[in-house]
Number of protein chains: 2
Amino acid sequence: MKYSVVVVDDHYLLSQAIGGMVQGFEKFDVLYLCKNGQELLDKLKEPNNIPDIVLMDIKMPILNGIETTEIINKEYPNLKVLALSIEEDEYTILKMLRAGARGYLLKDTKKEILEEALTKVIEEGSYYTNNVSKILTDSHENDVRTEIKDRELEFIKLACTEMNYREIADIMCCSYKTVEGYRDSLYRKLGIKNRIGLVLFAIHHNLFTP
Amino acid sequence: MKYSVVVVDDHYLLSQAIGGMVQGFEKFDVLYLCKNGQELLDKLKEPNNIPDIVLMDIKMPILNGIETTEIINKEYPNLKVLALSIEEDEYTILKMLRAGARGYLLKDTKKEILEEALTKVIEEGSYYTNNVSKILTDSHENDVRTEIKDRELEFIKLACTEMNYREIADIMCCSYKTVEGYRDSLYRKLGIKNRIGLVLFAIHHNLFTP
DNA sequence: CATATACTGGGGGAAACCCCCTAATCTTTA
DNA sequence: TAAAGATTAGGGGGTTTCCCCCAGTATATG
């Protein structure tokens, strides 16, 4: 009896290729492929379509891997998710693991590691590569990010546009001075000097995708 | 006699998976895999290592796909390159085709298209998907980008940092007023209002990678 | 040769941005 | 209940950016 696998990746050729690779593994069969999280959730409604494990990309249109994993962990707590992504920033990895992923593989691992990770996740419940466990233990960079308040995060996203602070204040329904307050507090916390620095920070930490 | 293929992609699992897929094609054999352009060029020095076609990613460390393709077209003009990338902005596609790629596939095509493209490139010399040929004919957005002078491009890259214009002037070895001139001319040409707009433009057009 | 058209610089003023300060609410937590 | 902190908002002033104006030189281009 083989374990069933579903591959979720918006780049179809890649999910086909990875699906083909998994199909070649001794203990695994590919059940089907999905192009995004929504497609997967729709499929799962049919009980026959529930696999043993989902191999999930993160950046996807409509419903991304993190949101999808959260939903899966609520609705199908026995369904295991293994993340497979190119995103290597600590915060994304942490978010994915907190969402309930049982492991996190980068797309430049090897075939053998993928096979081992799939096996370990199914048989032991989880699989962590060295770099991922290191991030789990000493995640310093994360500190600075959790310090960002909700309202500040809202501001950051608007600061990554051509709007000036007065226009941002209008959208956030607060005064110009309040917006200046968010900015000043962020500049201090993040050690940046100007709005360009803020945009770069937002991009590097996946708060904003250009 | 099968055609030989080399896959160049920095994400090793993906090149393995795509290599496996290609290996399954009737008329093709995978010769070897590479993690970047430099690795490929090193390999090609050995005549036995020259394949019939190279399947090349674009974004790679050390030597990217565009630079690599340019070199290949000079040194090995008979070696065909087929681009396979997730980059879908017009300028990157154009640059890759001008560098000498015989076709450009997005990573969300299908297995059958990949097989067809490989075959057509080898047997007929080129393969263009609909979207790519459309870009080749009516590329308007490109106009604005070719209007950017060398010195302005240099400025753009520096504007995508936390430096202020005085510091940028120092690095560019010109006066503060000259830098302001570059900025003003770019703002007019690109229809943007402030430096954030310039950074976003640079990112969207791959002039700057955060 | 004359006429564009970069490329380079400069003046000046208005607007935006940056950075320090204070302080009133309101919620959370010890 | 008192302390801590989040959220809001304002004063004041220095710096930077933005957006006009102008003009010399150098290099093509007709």
Side-chain angles (χ1 to χ4, degrees), chain A residues 91 95 98 140 142-205 207-208 210, chain B residues 91 141-205 207-208 210:
Chain A
Y91 197 75
K95 254 170 104 176
R98 285 210 201 93
H140 295 299
N142 177 42
D143 296 350
V144 93
R145 256 192 67 165
T146 45
E147 268 174 29
I148 298 173
K149 322 284 176 234
D150 285 0
R151 204 79 169 126
E152 286 171 352
L153 186 64
E154 218 178 302
F155 162 72
I156 290 178
K157 291 177 181 174
L158 294 168
C160 294
T161 72
E162 275 190 80
M163 278 184 282
N164 65 28
Y165 294 139
R166 245 167 266 277
E167 291 165 326
I168 291 175
D170 281 349
I171 289 179
M172 290 184 71
C173 294
C174 63
S175 97
Y176 171 69
K177 273 297 180 179
T178 304
V179 164
E180 283 202 305
Y182 297 148
R183 180 201 57 201
D184 293 351
S185 115
L186 284 167
Y187 283 12
R188 251 190 304 268
K189 273 193 275 203
L190 308 179
I192 53 182
K193 286 202 287 266
N194 55 36
R195 195 166 155 181
I196 306 295
L198 188 62
V199 173
L200 296 178
F201 175 88
I203 293 170
H204 287 139
H205 292 79
L207 302 176
F208 160 71
Chain B
Y91 197 76
E141 182 158 6
N142 178 42
D143 298 351
V144 92
R145 254 192 69 165
T146 45
E147 268 173 30
I148 298 173
K149 321 283 175 236
D150 285 359
R151 204 79 170 129
E152 286 171 353
L153 186 63
E154 218 178 303
F155 162 73
I156 290 178
K157 292 178 180 174
L158 295 168
C160 294
T161 71
E162 274 190 80
M163 278 184 283
N164 65 29
Y165 295 139
R166 243 166 267 276
E167 291 166 327
I168 290 175
D170 281 350
I171 288 179
M172 291 183 71
C173 293
C174 64
S175 97
Y176 169 71
K177 272 298 179 180
T178 304
V179 164
E180 283 202 304
Y182 298 148
R183 179 201 57 202
D184 294 350
S185 114
L186 283 168
Y187 282 12
R188 251 190 303 268
K189 272 192 276 203
L190 308 179
I192 52 182
K193 286 202 288 265
N194 55 36
R195 196 166 153 182
I196 306 297
L198 187 62
V199 173
L200 297 178
F201 174 88
I203 293 171
H204 287 138
H205 293 79
L207 302 176
F208 160 71

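Per chain, numbering begins at 1; letters A, B, ... match sequence-line order.
In this structure, the CG atom of A:D150 is 11 Å from the C1' atom of D:dA6, given to the nearest Å. Taking atom NZ of residue A:K189 and atom C1' of nucleotide D:dT7, one finds them 12 Å apart after rounding to whole Å. Summarising the geometry, the separation between CG on A:L190 and P on C:dC19 is reported as 12 Å, rounded to the nearest angstrom. Look at CZ on A:R151: it is 13 Å from C1' on D:dA9, rounded to the nearest Å. What separates CD of A:E162 from P of C:dC17 is a distance of 12 Å, to the nearest Å. With rounding to whole Å, A:M172 atom CE is found 10 Å from D:dA9 atom P.
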| How does protein reach along nucleotides 12-29 of chain D, written 5' to 3' as B (base within reach of a heavy atom under 4.0 Å), S (only sugar-phosphate), or - (no contact)? | B---SBBB----------
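With sequence neighbours left out, the side chain to side chain donor-acceptor pair (under 3.5 Å) criterion links B:T161 to no other residue. With sequence neighbours left out, A:K193 forms a side chain to side chain donor-acceptor pair (under 3.5 Å) with no residue at all. Partners of B:I192 by side-chain contact (heavy atoms from CB on, under 4.5 Å), not counting sequence neighbours, listed by chain and number: A:E162, B:Y187, B:L190, B:L198. A search for salt bridge (Lys or Arg N to Asp or Glu O under 4.0 Å) contacts involving A:R195 returns nothing, not counting sequence neighbours.
In this structure, B:S175 reaches the sugar-phosphate backbone alone: every heavy-atom distance under 4.0 Å involves primed, P, OP1 or OP2 atoms, never a base.
The nucleotide whose nearest atom lies closest to any side-chain atom of B:C174 is, among C:dG9, D:dG10, C:dC7, C:dG9.
Every pair passing salt bridge (charged side-chain N to carboxylate O under 4.0 Å, His left out) that includes a residue from residues 166-187 of chain B is listed here, sequence neighbours excluded: B:K177-B:E180, B:E180-B:R183.
Within the model, atoms CE of A:M172 and OG1 of A:T178 stand 8.5 Å from one another, a figure rounded to the nearest 0.5 Å.
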